[in-house]
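The next block holds one structure in the form of structure tokens; read it before the comments.
Residue numbers start from 1 in every chain, and the chains themselves are labelled A, B, ... in the order their sequence lines are given, proteins ahead of strands.
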Amino acid sequence: MPVGLQTEPSLGVPGKKRWAMVVDLRRCIGCMACVCADKAEYDVPLGVWRTTVKVKDTGHYPNTKRHFMPRLCNHCDNPPCVRNCPTQATYKHEDGFVLQRYERCISCRTCIAACPYNARHVLPKNRDRVKIGGVVDKCTFCNHRVEKGLAPACVQTCLGRSRIFGDLNDPNSEVSRLVARHKTVVLKPDKGTRPQVYYIKPDRAQTEQVFSAPQSYAARSDAQAFYQRNRGSKFFSGVL
Amino acid sequence: MSDSIKFTRRDFIKFGGAVGTAAGALGLTSSRLVAMEQELGGKDYSPTTGAERQAVPYTCMACNIEDGGVAYVENGRIVKLEGNMDHPNTRGKLCAKGNSGFLHVYDPDRIMTPLLRTGKRGEGKWKRISYDEATTLLASKLREVIDRANAEHKPEILNEMVFKWGRDRTGGAVGRFMHALGSNTMLNHTNICESSKKVGLEPTWGPDIESCDWANTKYILNFGSNVLETAYFMNPNAQRLVDGVVGNKAKLVSFDVRMSNTSGFADEAYFPYPGTDGAIALAMAHVIMNEGLYDADFIDNWTNVSARQLIDHLKPYTPEFAEEESGMAAKDIRRIAREFATTKPATTFSYRGPCKHVWGSYQEAAINMLNVITGNVEKKGGYCLPRGMGWPQPQPVPPKGKTASVIAAPPLYPLASHHVSTHAPYMIKKGEAKVSVWMTYYDNPVYTYPSSHVWKEMLSDENTVPFYASFSPYMSESTELADLIIPDVTYLERHDPESMPGGLYPCLSIRQPVIKPLGGTQEFRQTLIDVIRKVDPDGALGIKKYFAFNSVEDWMRAHFDAIPGLKEDGGWDFMKKKGVWPIYGEVDKETAKIVDKNGNEVEPDYGLYTKELSASDMAGAEVDNDGTIKKDGQAIGVQVNGRNMVGFGTPSRRMEIYKESYRKYGFNPLPVYKRLPSRDKKPDELVLTTYKVNVHTQSRTASLKYLAELYHKNPAWINPKTAAARGLSDGDLIRVTSPLGYIVTRAHVTEGIHPDVVAISTACGHSAYGRLAQLKQREQAADYMQGGDADIANNVWWNDKGVHPNPIIRLAVDPIGGSQGWYDTVVTVAKAQPGDKYGDTDVSVEASMKDYEETLRYAYTGDIHRAKHKEVDIDWNSLPEPELHGGGH
């Protein structure tokens, strides 16, 4: 370090902010409001997502359960995407955001391959309102809102108040207190990425499904249709 | 919900426009250290330019919950929607549908001009005409009817002008229009919605729904409501249900035949046999009463029954009986009944699961009774009355039409206060009513009704429906059959007054044009004004005066400018600025409770029925033997333990567990369980149920790309055991066959469904509603469409639009509440036959006509009714004669 534009992690550094998200899985009801709010916020085209909520059913009749797993960029403190970007298009902001500079992106997809969380995608060229395409895009933690004192769009609309956002460097913030009081996990800690999205109370069914293949015929046939058109993107099966 | 009782608000404390201001306001006044948390909403900035976006408040109408919203506009275009932080019940949040609602505005297939049919009905050949030409044509058709009625001196002819809506959120505009024309033939959609819930509740306590205090409760019994996905008040209820279960450690017990997100979230989920929720509720009441776990004071003081009477009545409903009917173990029924009765506060919630059956009203009444006998009514954390607010209608208001309409209020259903709209095409086909002009607004029966093909046949027949005008901006399965289309704008471009009891804080809200209507389109309200002025250009008919508004905005001012309290705040101008009134406080960032500037909760009112009558209320009033306080012939309250209180909205002003109105027509006055024909199906048959998912409404959202991407096909849910018994595997092509015919769809084999049930969502399977809903997005846009959206044209990746189940669903209504028994159709499911193609649908109108005759046998005059109600103490030979009633809607 630093490779690319990796700044020193701000976590625990006095006078600096470390934006983070806590996802309280006890409170997620799989309503998909975050998915749609995010699509609208950035005019995200069909076939790609900055955030998703994966749905998984477990158990046998009549003892069944449904689990939801919201996903987004982890805004890692040791982000492999930044390390691997050959053009410094991806960089780490001093407040913790991992951001993308479209004008430097050559769409080589190295960052997509490097990200262990499938948090990146190539923007299709045909869009509705915003005309930027053919470059890599990702969740920004809504840095444009956060810098103006607002929570990210997905947090704003979260019906269950499952997504909580704030400054981990402020010990009084809700995210700090939640992380201090609850047992939290991050995804794939073994990758050494130091993710900054913390999950409260996940079952194994939830964390393990994150990377599982579609199981039902309904999901598999959708996946097949998806990959016929969207090679290189990651399929998200929606609510079925 | 347009007719829920309007409660007047207490003198709540108001905080003006303090919401969404300084981030540190809480911290400065609180004794504890509070972080500088991010604001949740109220402002927005463009991610590409950083410029602040223009914010305009509105009320959502993606579905019918009417959440408060703020639309953000960038360069004249609505770019996103978010919840209005000033709305006390929706608290700044929108669901998936609400967030996607702006896509309605920019739907490439939106109809941008009035259209006149040029080909055959349904052929899709249209001529573009102006709003002026269109309103002139409709006015001339209406005037013909009025002239004929006047010439023949037959006011009943006026009822040949028919107005049918699916959603009427105009705040009285439709009623004003029809009554001005002299017609009472207004058909709502409520009997395909939840009307038997309403008819189970209204005679009991007045209003048509409950408002649970989810956030403060400790125990919830959820009967057949998918409250975390759909149901009435999904967004505000879901928010507070999570607060209750996670924040307040409430226990959630859920009953559904299918694992919805709600049942999947519950602490305990049960899968009762369809239509047996009432048996479970009655058995729980049996346990509570027999074990002495009831609230004796509440039953004595606030109901019209005694504990002894209930214990006797509930005698047959043992947990063992309920186990036999529902499949839920008697020991679980006992345990949960005890938990419910001894955990305080507690509440039930119910929606379509129990009530959308023949005799669904009984089921709703049985569930309601659980709250009554445990004394949870109107308690903090309990089962509360809905709280709405009213607004005045501009004067003068036209009187109702002179003659009652037989299809608006069918005489065989005297208790069905929300009427029986499903019966209209059958009655018209049989010559019981005549139609001259058929008008529709937010209505698509050719897609949304049971035996939908019957509606298609009627609307296609020019002899039956000589002229059909639709006000829809979307080419739905019904609108494509119209002769004239006068497109309304979307809900983000027009005016409406609103009040929905979505939570415990009563409030008013509005819709206003966030942007100028696109492409010269005109809002419905202006179309009504124009039509009336053309029907009665010189005022000679005496109709014009009811529409003497200089502008649509003047009409809104007439609703809002004189309301006490709001008037002082600025009336309509305040509403335009804030979108909602009153503003109770701000949303606490950590608890989401509504708090004052000191961070203390602004608590809602409870115990509304105990409000004391004032001395002036009591002046001239009399108290009868059982305590009912009457004034000028009207019951205004009830005297309990010497206190004069307002009570409930019933004749006795108490909760009427015993419903004399039911008994009058040979129905059981007390909640009972009646075994449905579907309970006696053959072993190889299944009960077909339908459901909604969290990202779609019934019919209007398949055209919204974000939602279609999340959910676009609706395979039939079937239990693995059931599938195995039929040799079916996951994904197999199957035929689902009812007595009406069959559909060919696919099997979705899942553990989350009752083995005797097959469930198919109603969200998909359009044969109209624009190109995206039909996956024809690569076809050329028609000349009347808006066009645009390269994203839809190029990036749609899914290739399955689903198969709609309504054609095979049989008409069968609750003889009490008039509600369609959506979950009473018995079907067989088998592998598709050779030659069957996905989506094939083959159904018979003749078979549906037979169902109509069959369901009339359940009506109060029918032979099955009598056979099934032998226990009712009534002279069966002198039931009231069927008569026209209600004078209309």
Side-chain angles (χ1 to χ4, degrees), chain A residues 24 26-27 29-33 35-37 39-43 45-47 57 59-62 64-66 124 126-130 140 142 144-146 148-151 153 155-161 165-167 170 172-174 176 216-218 221-222 225-226 229-230 238-240, chain B residues 23 33-35 37-41 43 45 47-48 50 77 79-83 92-96 99-100 102 228 235 238-239 242 246 259 261 264-265 271 590 592 693-695 705-706 709-711 713 715 719 730-731 746 748 750-752 789-791 793-800:
Chain A
D24 187 344
R26 298 169 305 167
R27 301 188 69 108
I29 57 170
C31 70
M32 306 289 163
V35 176
C36 294
K39 285 254 173 182
E41 185 74 37
Y42 299 98
D43 189 31
L46 298 169
D57 294 350
H60 294 283
Y61 181 85
T64 54
K65 272 283 186 191
R66 183 163 289 167
N126 291 297
R127 296 177 67 181
D128 182 20
R129 180 170 59 80
V130 181
T140 59
C142 283
H144 70 290
R145 285 173 58 87
V146 173
K148 305 269 193 193
L150 293 163
V155 174
Q156 196 286 328
T157 201
C158 181
L159 290 197
R161 289 190 292 120
F165 185 84
D167 180 8
D170 178 348
N172 295 310
S173 71
E174 194 179 359
S176 292
S216 68
Y217 174 85
S221 57
D222 260 5
F226 180 87
R229 298 183 49 87
N230 301 286
V239 303
L240 191 72
Chain B
L33 278 171
V34 175
E37 300 284 8
Q38 301 292 97
E39 291 295 326
L40 271 179
K43 280 188 174 184
Y45 300 87
T48 42
R77 185 181 160 123
V79 292
K80 67 173 266 191
L81 307 173
E82 75 176 30
K93 295 182 184 296
L94 295 176
C95 73
N99 272 294
S100 307
F102 73 100
L228 293 183
N235 169 5
Q239 289 185 39
V242 175
V246 182
M259 184 173 63
N261 284 5
F265 183 80
F271 295 77
E590 199 169 328
V693 294
N694 48 9
V695 301
K705 62 181 179 179
Y706 297 163
E709 182 175 43
L710 285 165
Y711 189 88
K713 62 182 179 186
N719 187 283
D730 186 36
R746 285 192 188 277
H748 179 63
T750 168
E751 296 282 346
D789 202 346
D791 187 22
N794 292 282
N795 299 331
V796 171
W797 52 264
W798 57 98
N799 58 8
D800 188 342

(request) May I ask you to decide if A/Ile29's main-chain N or O and B/Asn261's side chain share a donor-acceptor pair within less than 3.5 Å? (result) yes

(request) Kindly indicate whether the side chain of A/Asp57, heavy atoms from C-beta on, has any atom under 4.5 Å from the side chain of B/Glu751. (result) no

(message) Among B/Asn799, B/Asn794, B/Thr48, B/Val796, which residue has the highest count of heavy-atom pairs closer than 4.5 Å to chain A?
(response) B/Asn794

(request) Mind listing the closest non-hydrogen atom pair of B/Met259 and A/Arg66 along with its distance? (result) O-NH2, 3.1 Å

(request) Enter the distance from A/Glu41:CD to B/Asn99:CG here, rounded to the nearest 0.5 Å. (result) 10.0 Å

(message) With no hydrogens and no angle check, just 3.5 Å: does a side-chain donor-acceptor pair link B/Asp800 and A/Ser221?
(response) no

(message) Whether the side chain of B/Arg746 engages the backbone of A/Ala218 through a donor-acceptor N/O pair (distance < 3.5 Å, no angle test) should be reported.
(response) no

(request) Tell me, out of A/Asp167, A/Asp222, A/Val239, A/Thr140, who's got the most heavy-atom pairs with chain B below 4.5 Å. (result) A/Asp222

(request) Give a yes or no on whether a salt bridge exists between B/Arg77 and A/Asp128, defined as a side-chain N under 4.0 angstrom from a carboxylate O. (result) yes

(request) Heavy-atom pairs under 4.5 Å with chain B are the metric here; pick the option from A/Leu159, A/Asp43, A/Val155 that has the most. (result) A/Leu159

(message) Testing the basics here: between B/Gly264 and A/Lys65, what is the closest heavy-atom pair and its distance to 0.1 Å?
(response) O-CD, 3.4 Å

(message) Any side-chain to backbone donor/acceptor pair from B/Lys43 onto A/Leu150? Under 3.5 Å, distance only.
(response) no

(request) With a 4.5 Å cut-off on heavy-atom pairs, point out which of B/Val79, B/Leu228, B/Asn719 contacts chain A the most. (result) B/Val79

(request) With sequence neighbours excluded, tell me which residues meet ring pair (Phe, Tyr, Trp, His ring centres under 6.0 Å) with B/Tyr706. (result) none

(message) Quick check against the 3.5 Å criterion: does B/Asn795 have a side-chain atom that pairs as donor or acceptor with the backbone of A/Asn126?
(response) yes

(message) Heavy-atom pairs under 4.5 Å with chain B: which of A/Cys31, A/Cys142, A/Ser176 has the most?
(response) A/Cys31

(message) Is the shortest side-chain heavy-atom distance between B/Lys93 and A/Arg161 below 4.5 Å?
(response) yes

(request) Sort out for me which of A/Arg127, A/Arg26, A/Arg129 touches chain B most, counting heavy-atom pairs under 4.5 Å. (result) A/Arg129

(request) Taking all heavy atoms of B/Phe102 and all of A/Ala40, pick out the closest pair and write down the distance. (result) CE2-CB, 3.5 Å

(request) Of all the heavy-atom pairs spanning B/Glu37 and A/Gly166, show the shortest one and how long it is. (result) OE1-CA, 4.4 Å

(message) Which atoms of B/Pro715 are under 4.5 Å from chain A, going by heavy atoms: the side chain, the backbone, both sets, or neither?
(response) side chain

(message) For a 4.5 angstrom cut-off between non-hydrogen side-chain atoms, does B/Glu82 reach A/Thr157?
(response) no

(request) For B/Leu710 and A/Cys36, work out which heavy atoms get closest and say how close. (result) CD1-SG, 3.7 Å

(request) For the pair B/Gln38 (side chain) and A/Val146 (backbone), establish whether a donor and an acceptor sit closer than 3.5 Å, ignoring hydrogens and angles. (result) yes

(request) Look only at the side chain of B/Asp791 and the backbone of A/Pro45, and say whether a donor-acceptor pair between them is shorter than 3.5 Å. (result) no

(message) At a heavy-atom distance under 4.5 Å, which candidate from B/Ala96, B/Gly92, B/Gly83, B/Gly50 has the highest pair count against chain A?
(response) B/Ala96

(request) Heavy atoms only, distances under 4.5 angstrom: which of A/Ala151, A/Pro124, A/Gly238 has the most pairs with chain B? Name it, please. (result) A/Ala151

(request) Could you check if a side-chain atom of B/Glu709 sits within less than 4.5 angstrom of a side-chain atom of A/Lys39, using non-hydrogen atoms only? (result) yes

